[in-house]
Structures are given as structure tokens and as C-alpha cells.
Undergrad: 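The structure is given below, and queries will be raised subsequently.
Hydrogens, waters and symmetry mates play no part in the numbers below; they use all other heavy atoms, side chains included. Throughout, residue positions are numbered sequentially from 1 according to the sequence presented. This one's a predicted model, so the numbers in the text were calculated from it and none came from an experiment.
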Amino acid sequence: MANQALMANAIRALAMDAVQLANSGHPGAPMGMADMAVALWGDHLQFNPANPHWANRDRFILSNGHASMLLYAVLHLTGYELPIDELKHFRQLHSKTPGHPEIDVTPGVETTTGPLGQGITNAVGFALAEKLLAAEFNRKGHEIVDHHTYAFLGDGCMMEGISHEAAGLAGAWRLGKLIALYDDNGISIDGQVKPWFIDNTKERFEAHGWNVIGPIDGNDAKDVSKAIAKAKKSGESDQRPTLIICRTQIGKGSPNRANTAKAHGEPLGTEEIALTRSALQWPYAAFEIPAEVYADWDGKARGAKEEAAWNERFAAYSAAYPELAAEFTRRMKGELPKDFNQIAFDAVVSAHTKAETVASRKASQIALEFFTAALPEMLGGSADLTGSNLTNTKSTAPLRFDAKTGAVVLGAPHETAKQGAEDEAKPASSTDDAESPHGVIGRHINYGVREFGMAAVMNGVALHGGYIPYGGTFLTFSDYSRNAIRMAALMKHRVIHVFTHDSIGLGEDGPTHQSIEHAASLRLVPNLDVWRPGDTAETAVAWAVALQNARRPSALLLSRQNLAYSPKKDLADISKGAYVLSEPADIGLKKKAKAVLIATGSEVQLALAAQKLLAEKKIAVRVVSMPSTSVFDRQSAGYKKSVLPAGLPRIAVEMGVTDGWWKYGCAAVVGLDTFGESAPASALFKHFGFTPDNVAATVRAVLGKK
């Protein structure tokens with residue numbers, strides 16, 4: 001029988017030794033949560049160290065990511081490819097043990113955590129994806145999607161407002177396979193949290209629709225294991241997520257640092273480590289783990305057995321439902337359908353042929369009709385702005401859950417879309433006859449007014465696999481979502497943000513809603529593709545590229561006001577982020593361009609109108625549409641030179657701050673470095689100089705012509 005006390009002390013020893021060697025880190029939380037980890041990994045977690053990406057593994061998220069040495073210690077001890085030398089290189093350059101857990105760096109890490117509150121919100125996304133995939137793919141006797149999502153979180157996560165957003169969504173969605181273990185140690189960086197954290201956590205989560213267990217002794221592995229077993233049973237019966245409140249001692253085992261803020265974020269020191277070793281009766285040298293402890297922790301044999309059993313089930317499923325099995329495999333790999341290029345081509349050509357004058361938010365919905373019909377993995381949503389963001393389509397009815405059972409409602413798309421569909425369509429659990437139509441799930445999520453929560457949930461959905469999430473709000477409210485957008489970019493995952501009402505063009509709502517700095521600030525995020533398309537064809541291309549970029553998130557910035565279609569001779573170069581839209585010859589002026597007008601979004605029409613005015617003055621200019629500076633910046637030097645020739649003055653036109661445009665060597669920028677005003681859009685355009693006359697006058701001034 002495993003010695004749980006020694007197993008927990010191995011975590012404590014590795015945590016304090018690694019932090020001490022690095023002279024940096026957080027030993028207190030790993031030492032306090034060690035028994036929680038013993039209970040979860042030893043008795044409950046379904047995992048295989050030999051295959052960290054096994055599709056039906058349980059997902060574990062360390063929301064309080066500063067406790068990273070807890071996770072690294074457990075991954076090492078259970079047999080993942082994380083040798084002891086990597087723990088000795090904790091927080092060092094190019095090690096597999098960075099300061100906070102990072103996906104694709106450390107085997108076994110499911111998401112990058114550190115910014116508090118986002119990990120538990122990612123966990124909600126993981127659990128949602130599991131529940132929806134189970135409803136979509138499982139058949140009677142063939143439950144191929146059947147795993148739990150576990151999260152550890154601390155006081156900091158609880159204090160971050162995003163945890164309220166996440167808890168509310170998890171309760172509304174009845175995520176019974178989500179189990180969160182709260183490390184309730186009462187300590188944060190500033191000390192005892194009682195003066196500033198007085199929430200009744202139990203009642204708060206019960207109000208959000210969760211089961212709550214505890215408080216229990218989080219330093220008793222047996223008690224924690226019993227609580228997890230109870231949570232699994234109750235989640236299965238009532239489909240509610242569970243919070244287990246675990247009372248722990250931060251820095252447990254340290255005679256002088258336990259239960260103090262000093263245990264949180266600094267090494268214990270050599271003297272205190274020696275005292276702690278003595279107190280824990282751990283006589284081993286730094287980084288030394290006895291063989292019997294390794295044996296107790298080793299998860300390779302159990303993991304191989306669990307995965308082999310699942311492989312047998314999946315083989316039977318494949319024999320019974322070969323098309324479903326192939327579809328599940330494709331989607332979990334993140335691969336697009338084989339005919340995706342044709343789908344994208346049809347969407348773009350259709351937009352070009354129809355040449356409609358519509359707002360780019362409507363152009364986005366038109367493109368989505370193509371893509372959501374062909375890609376069942378697209379899972380959309382909006383933060384209470386569906387009618388404004390236009391993220392819903394005929395193929396993406398609202399996602400609904402049965403009011404009594406919590407099961408995902410299944411039915412035809414038009415049935416699921418009806419108000420009160422819970423009573424009109426069958427819940428997933430009732431569709432157990434393999435011969436009957438299984439129905440479809442709703443694929444458009446009403447997130448409520450939770451922009452940050454939506455963005456972080458989408459990150460979790462993307463990380464789980466099986467779905468491509470996209471969600472909408474106003475561009476100005478991207479500020480609420482900003483850190484989750486940054487995390488998607490850091491993790492290199494395909495998450496698509498639809499940001500509408502992208503400029504002063506939204507008019508009367510005024511400067512609180514008018515985006516000025518937002519396009520520029522989003523373009524500063526590494527690995528984030530930002531698109532501001534100018535018509536229906538550019539919008540369709542933006543969607544196609546965003547869907548193809550499996551290793552990049554994207555942001556589509558879309559207009560409220562209608563935009564005329566810009567005639568094009570060639571559609572191929574749009575996907576390069578910028579292209580020559582109109583040469584002087586296109587308007588009958590047989591001479592070389594003297595300047596280049598660069599425009600994005602709604603301002604492309606301004607540039608084209610100014611081009612005509614300048615032609616009347618015998619001034620030839622080229623118009624370049626640049627829907628994505630991010631994508632254009634990655635093109636070859638030769639292509640960039642062909643679009644923006646050397647020696648020609650460049651003038652940019654965009655309804656936003658001017659700073660980002662100077663890198664293109666612009667001689668002038670028609671932009672906006674102040675906040676907007678409340679007035680009809682037409683009045684604002686004139687007031688702020690976004691008129692063909694002003695753009696033309698700016699070009700003439702640059703060229704020194706009247």
C-alpha cells in the first residue's frame with residue numbers, strides 16, 4: 001500500500017529544493033497542496049505519462065500557476081518525460097520547468113497559467129468541450145468521450161473577478177465533470193487575506209449552481225480522496241460542477257514559514273530547509289527521492305492499461321460508426337476538412353460576385369454561413385451582443401441545456417433555436433437508440449455580459465480540442481478580454497475573436513464605445529493576427545485565413561456602418577494582408593503613381609474616393625488595401641516592396657491612433673489621436689477629417705502641390 005505521507009513529502013522536498021537552487025519561486029503553495037495532489041493523482045486522475053495527448057485523459061489545470069513546482073514534481077514522479085535535471089533547472093533559460101506552467105514546453109501541462117483566475121476559466125472551457133463532444137459523438141454502449149476536468153485554485157483566483165464569470169457559466173451549463181479543489185490557506189502576498197477577502201465562498205458557489213464540499217482538511221489525502229469520489233458521484237447524478245474547499249497550511253512542514261506570507265514567493269533558505277527536512281522526517285539529500293516513493297508515484301503501468309482499454313472501446317466504436325470515428329479523430333487533431341480550400345474559395349468568390357454593400361459585421365455573418373455549414377467544429381458565441389455582432393448563423397442554433405437534467409439539448413437546428421427549446425427537443429441522455437437520429441447540438445453560446453470569461457473559456461475549448469471557438473463583442477470591450485487574448489497568442493492556439501463597432505463610425509454611442517487605440521494595441525500582441533477588412537471579399541478571406549491558422553489566434557475588427565464593395569482584378573493577394581487595390585490606370589490616368597494611399601476597413605472607400613479627386617488634379621496615386629498589418633508584416637521583402645515601392649511617399653488612412661503607421665515609412669497619417677464624440681457617424685467623419693477632400697488635401701500637402 002502506498003505511503004501517502006512520503007508521497008506528499010516528496011513534493012514538498014522537490015518544491016523547496018528547486019526554488020532554493022533557482023533562488024526564485026513559490027514553495028509555499030506546492031508544500032500546502034501536496035496532499036491534495038497525492039489524492040488526485042494517486043486515486044482518481046486518468047492519465048498516461050507515456051502519451052500526454054491521449055484523447056480521453058482527464059485534464060488537470062493548475063489555476064494558481066505560481067505553484068508550478070507542485071505540477072513539475074508530480075509529472076516527474078509519475079513518469080512523464082521530465083527528468084530530475086529539469087527540476088534542477090527550474091526557472092532557467094530553455095528548461096522544461098519555466099516559472100509558471102506553459103503548454104508545449106512541459107509534457108503533461110494542459111494550459112499556460114499564471115494570470116490568476118484564467119486557469120479555472122480555462123477549465124470551464126475544457127469541461128464544456130468534453131460535455132459537447134460526448135453529446136455529439138457518444139452512442140449507447142460506446143462512450144468514447146468520458147473524462148473529468150480537475151482544477152486547483154487558490155485565494156488569488158477566487159478574488160479575481162473572472163472567477164465569478166467562470167463559476168456562473170459552469171453552473172448554467174451544468175458541467176458535472178468539472179471538479180475544482182480550492183486551496184483555502186488564507187494567505188496571499190500581502191499576508192492574511194481576512195481584511196480584504198470576506199466572501200462566503202461556499203454560499204457564493206452554491207448560488208452559482210455548484211455542489212460544494214467542505215471545508216475539509218486539505219492536508220489529509222484520505223479526506224481529499226473521499227471528497228473527490230463524492231464530487232464525481234454527485235456530478236454524475238445532478239450534472240453540477242463541484243467545488244471542494246480544502247483548508248491547508250501554506251508552506252506545510254516548515255517550522256518557521258508555515259502559515260506565513262514569507263512562504264509564498266521566496267526560497268525558504270538553507271537553514272529553514274534543513275529544519276523542514278527534520279520536521280518532515282525526510283532525511284534525503286536535495287533532489288534525492290527513494291526508490292519506494294518513485295514506485296508509489298509511478299503512473300506508467302496504470303496509464304498504459306487505461307489507455308489500452310479506451311483504445312479497445314474506440315476500435316469497437318470505429319467498427320460500429322466508422323464515419324463518426326473518422327470525424328472525431330480529424331477534429332481532435334485540429335485538422336480542417338479535406339475540401340476546406342474549396343469551401344473558402346466558394347465563400348470568397350461568392351462575395352466577389354455579389355459585390356454587396358453591407359457592414360463588415362454582416363459580411364462576417366455571410367462568410368460564417370459558408371464556414372459553419374461545412375465545419376461542424378465551429379463553436380460560436382457572443383457576450384450578450386448576438387444581434388450586433390452577427391455571430392449566429394442558420395447552422396449554429398443557440399446552445400441549450402435541459403432544465404431538469406442538465407443534459408445538452410439535441411434536435412434539428414431550427415428546433416434548438418426556438419425559445420424554450422429545453423422542452424421541445426430531446427436532451428442528449430435520452431437519445432440512446434443507435435438507430436434513431438442523434439440530432440445536433442446548438443453551436444452558438446450566449447455568454448452573457450462576460451467578455452473576459454468568454455475569451456478565457458474559448459481558450460479552454462481550443463486547448464481541449466474538437467472545436468474551433470469564436471466569440472463576439474464590441475471592439476472597445478476587447479479591453480476586458482485583453483489578457484485572455486494575450487494568453488491565446490502565447491499558447492499559439494486557434495481562437496477567433498469577432499470585434500464589431502470598430503470605429504467612430506458607430507456614432508451616437510459616443511467615446512465610451514468608439515474604438516480609437518484598440519486596433520493598434522491588438523496589433524502589438526505577438527502571434528495575434530488582426531484583420532480589419534474593407535468589404536465582403538476581404539472579410540471572407542480573413543475568416544478563411546483565421547480558420548487555417550491552427551497555431552495563431554485571430555481578431556476580426558468589423559464595422560457597424562455599410563461599406564461599398566471595392567472592385568478587384570485579383571483575389572489571391574488579399575490573404576497576404578495587403579495588396580494593390582487600385583492603380584492610377586484604373587481610373588484612366590496613364591501615368592505612374594506619385595504616392596501610395598494605404599487604408600484599412602471602412603477607410604478603403606475614403607482612399608478610393610480621394611484617388612479620384614486627385615486624378616482630377618492630374619495627381620496619380622496607388623491605393624493599397626491593408627486588411628491585416630500582422631499578416632503583411634510576415635510577407636517576403638520582395639512582395640512588400642511590390643506593394644509599397646521604395647521612393648513613393650506613403651499616406652495611411654485609418655480611424656484610430658496614428659502611432660502604428662509610421663513603421664511603414666509614412667509621410668503622413670490621416671488618423672485620430674483623441675477620443676471620439678457622440679453624434680451621427682456622418683457628422684463625426686466630417687468633424688474629424690475623414691472625408692475624401694481631407695485625404696486628398698493631405699496627399700497634395702505631402703507632394704507639395706496645391
Side-chain angles (χ1 to χ4, degrees), residues 161 359-362 364 382-391 447-455 471-486 497-525 528 530-534 555-563 598-607 626-627 629 651-662 666 668-695 698:
S360 55
R361 61 172 175 162
K362 181 62 180 177
S364 171
S382 174
D384 203 49
L385 289 167
T386 300
S388 294
N389 300 149
L390 304 182
T391 44
Y447 284 98
V449 188
R450 299 181 178 98
E451 296 89 353
F452 193 8
M454 176 180 69
T473 187
F474 288 174
L475 177 56
T476 308
F477 303 150
S478 64
D479 288 337
Y480 288 129
S481 311
R482 179 59 178 257
N483 201 261
I485 297 170
R486 181 179 187 271
H497 294 271
V498 178
F499 293 125
T500 66
H501 297 60
D502 68 342
S503 71
I504 61 172
L506 67 90
E508 292 87 344
D509 276 342
T512 60
H513 285 51
Q514 292 167 3
S515 297
I516 302 300
E517 74 279 19
H518 299 82
S521 66
L522 288 171
R523 288 168 182 151
L524 292 175
V525 179
L528 174 68
V530 180
W531 289 85
R532 190 164 182 256
L556 278 61
L557 318 186
L558 307 170
S559 74
R560 179 197 186 199
Q561 72 272 29
N562 286 343
L563 309 180
I598 310 169
T600 77
S602 53
E603 290 76 83
V604 171
Q605 294 303 313
L606 276 180
M626 191 177 287
T629 63
I651 299 92
V653 187
E654 186 173 61
M655 293 185 199
V657 294
T658 60
D659 280 358
W661 290 104
W662 304 113
C666 291
V669 180
V670 179
L672 188 59
D673 288 317
T674 67
F675 292 114
E677 297 280 354
S678 180
S682 57
L684 292 175
F685 296 156
K686 184 176 181 180
H687 175 72
F688 287 109
F690 291 101
T691 64
D693 285 338
N694 186 51
V695 174
T698 302

Undergrad: Which value, rounded to the nearest 0.5 Å, describes the distance between Arg523 atom CZ and Thr600 atom OG1?
TA: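 It is 5.5 Å, given to the nearest 0.5 Å.
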
Undergrad: In sequence, state the C-alpha distance, the side-chain angles, and the governing distance for Tyr447 and Thr473, and then conclude on side-chain contact (heavy atoms from CB on, under 4.5 Å).
TA: CA-CA 10 Å; Tyr447 284 98; Thr473 187; over 6 Å; no

Undergrad: Kindly compute the distance separating NE2 (His501) from CG (Asp509), expressed to the nearest 0.5 Å.
TA: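 Output value for this atom pair is 7.0 Å.
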
Undergrad: Show the nearest heavy-atom pair for residues Ser478 and Ile485, with the distance to one decimal.
TA: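 Heavy atoms only, the tightest pair is O-CD1, 4.3 Å.
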
Undergrad: Counting N and O atoms only, with roles assigned by atom type, does the side chain of Thr476 sit under 3.5 Å from a partner on the main chain of His513, one being a donor and the other an acceptor?
TA: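 Pair found, side chain donor or acceptor close to backbone of His513.
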
Undergrad: When rounded to the nearest 0.5 angstrom, what is the spacing between OG in Ser678 and CG in Leu684?
TA: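 It is 7.5 Å, given to the nearest 0.5 Å.
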
Undergrad: So, taking the atom named OG1 in Thr691 and the one named NZ in Lys686, what distance separates them when rounded to the nearest 0.5 Å?
TA: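 These two atoms lie 9.0 Å from each other.
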
Undergrad: Does the Asn694 side chain pair with the main chain of Gly689, one donor and one acceptor, at a distance under 3.5 Å?
TA: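 Yes; at least one donor-acceptor contact below 3.5 Å.
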
Undergrad: Working to the nearest 0.5 angstrom, can you tell me the gap between Ser481 OG and Arg486 CZ?
TA: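 The OG atom of Ser481 sits 15.0 Å away from the CZ atom of Arg486.
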
Undergrad: Using the side-chain contact (heavy atoms from CB on, under 4.5 Å) rule, pick out the option among Asp673, Thr674, Ile504 that qualifies with Ile516.
TA: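 Running side-chain contact (heavy atoms from CB on, under 4.5 Å) over Asp673, Thr674, Ile504 with Ile516 returns exactly one hit, Ile504.
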
Undergrad: Between CH2 of Trp661 and CD1 of Ile651, what distance do you get to the nearest 0.5 Å?
TA: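 Rounded to the nearest 0.5 Å, the CH2-CD1 separation comes out at 12.5 Å.
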
Undergrad: Restricting to non-hydrogen atoms, name the atom on Arg361 and the atom on Gly387 that form the minimum distance, rounded to 0.1 Å.
TA: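 Shortest heavy-atom contact: NH1-O, 4.2 Å.
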
Undergrad: Parallel, tilted or perpendicular, judged at 30° and 60°: which one describes the rings of Phe474 and Phe477?
TA: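 Answer is parallel, since the angle falls under 30°.
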
Undergrad: Could you tell me which non-hydrogen atom of Gly510 sits nearest to which non-hydrogen atom of Leu506, and how far apart they are?
TA: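 The pair with the smallest heavy-atom distance is N-CD1, 4.4 Å.
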
Undergrad: Give me the atom names and distance for the closest heavy-atom approach of Ala668 to Thr698.
TA: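 For Ala668 and Thr698, the tightest heavy-atom pair comes out as CB-CG2, 3.8 Å.
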
Undergrad: Could you tell me whether a side-chain N or O of Gln514 sits under 3.5 Å from a main-chain N or O of Phe675, the two making a donor and an acceptor?
TA: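 Looks like no, no N/O pair under 3.5 Å.
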
Undergrad: Begin from the C-alpha positions of Glu517 and Asp659 and carry the test side-chain contact (heavy atoms from CB on, under 4.5 Å) through to its verdict.
TA: CA-CA 9 Å; Glu517 74 279 19; Asp659 280 358; over 6 Å; no

Undergrad: Kindly determine whether Leu563 and Ser602 satisfy side-chain contact (heavy atoms from CB on, under 4.5 Å), including the steps that lead there.
TA: CA-CA 6 Å; Leu563 309 180; Ser602 53; 3.3 Å; yes

Undergrad: Is the number of heavy atoms from other residues, nucleotides or ligands under 6.0 Å of Phe685 CZ greater than 12?
TA: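 Above 12, so yes.
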
Undergrad: Please name the pair of heavy atoms, one in Gly676 and one in Phe688, separated by the smallest distance, quoted to 0.1 Å.
TA: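 Looking at all heavy atoms of both residues, the shortest contact is CA-CZ, 3.9 Å.
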
Undergrad: Between Asn389 and Thr500, is there a side-chain donor-acceptor contact under 3.5 Å, judged purely by atom types and distance?
TA: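 Yes - a donor-acceptor pair under 3.5 Å links their side chains.
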
Undergrad: Minimum heavy-atom separation for Leu528 to Ala555, with atom names?
TA: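 It is CD1-N, 4.1 Å.
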
Undergrad: Keeping the roles fixed (side chain from Ser364, backbone from Ser360), state whether a donor-acceptor pair exists under 3.5 Å.
TA: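 No: the side chain of Ser364 does not pair with the backbone of Ser360.
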
Undergrad: Without swapping roles, check the side chain of Arg532 against the backbone of Glu654 for a donor-acceptor pair under 3.5 Å.
TA: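 No, because the side chain of Arg532 does not come within donor-acceptor range (under 3.5 Å) of the backbone of Glu654.
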
Undergrad: List the steps, then state whether side-chain contact (heavy atoms from CB on, under 4.5 Å) holds for Ser559 with Met655.
TA: CA-CA 11 Å; Ser559 74; Met655 293 185 199; over 6 Å; no

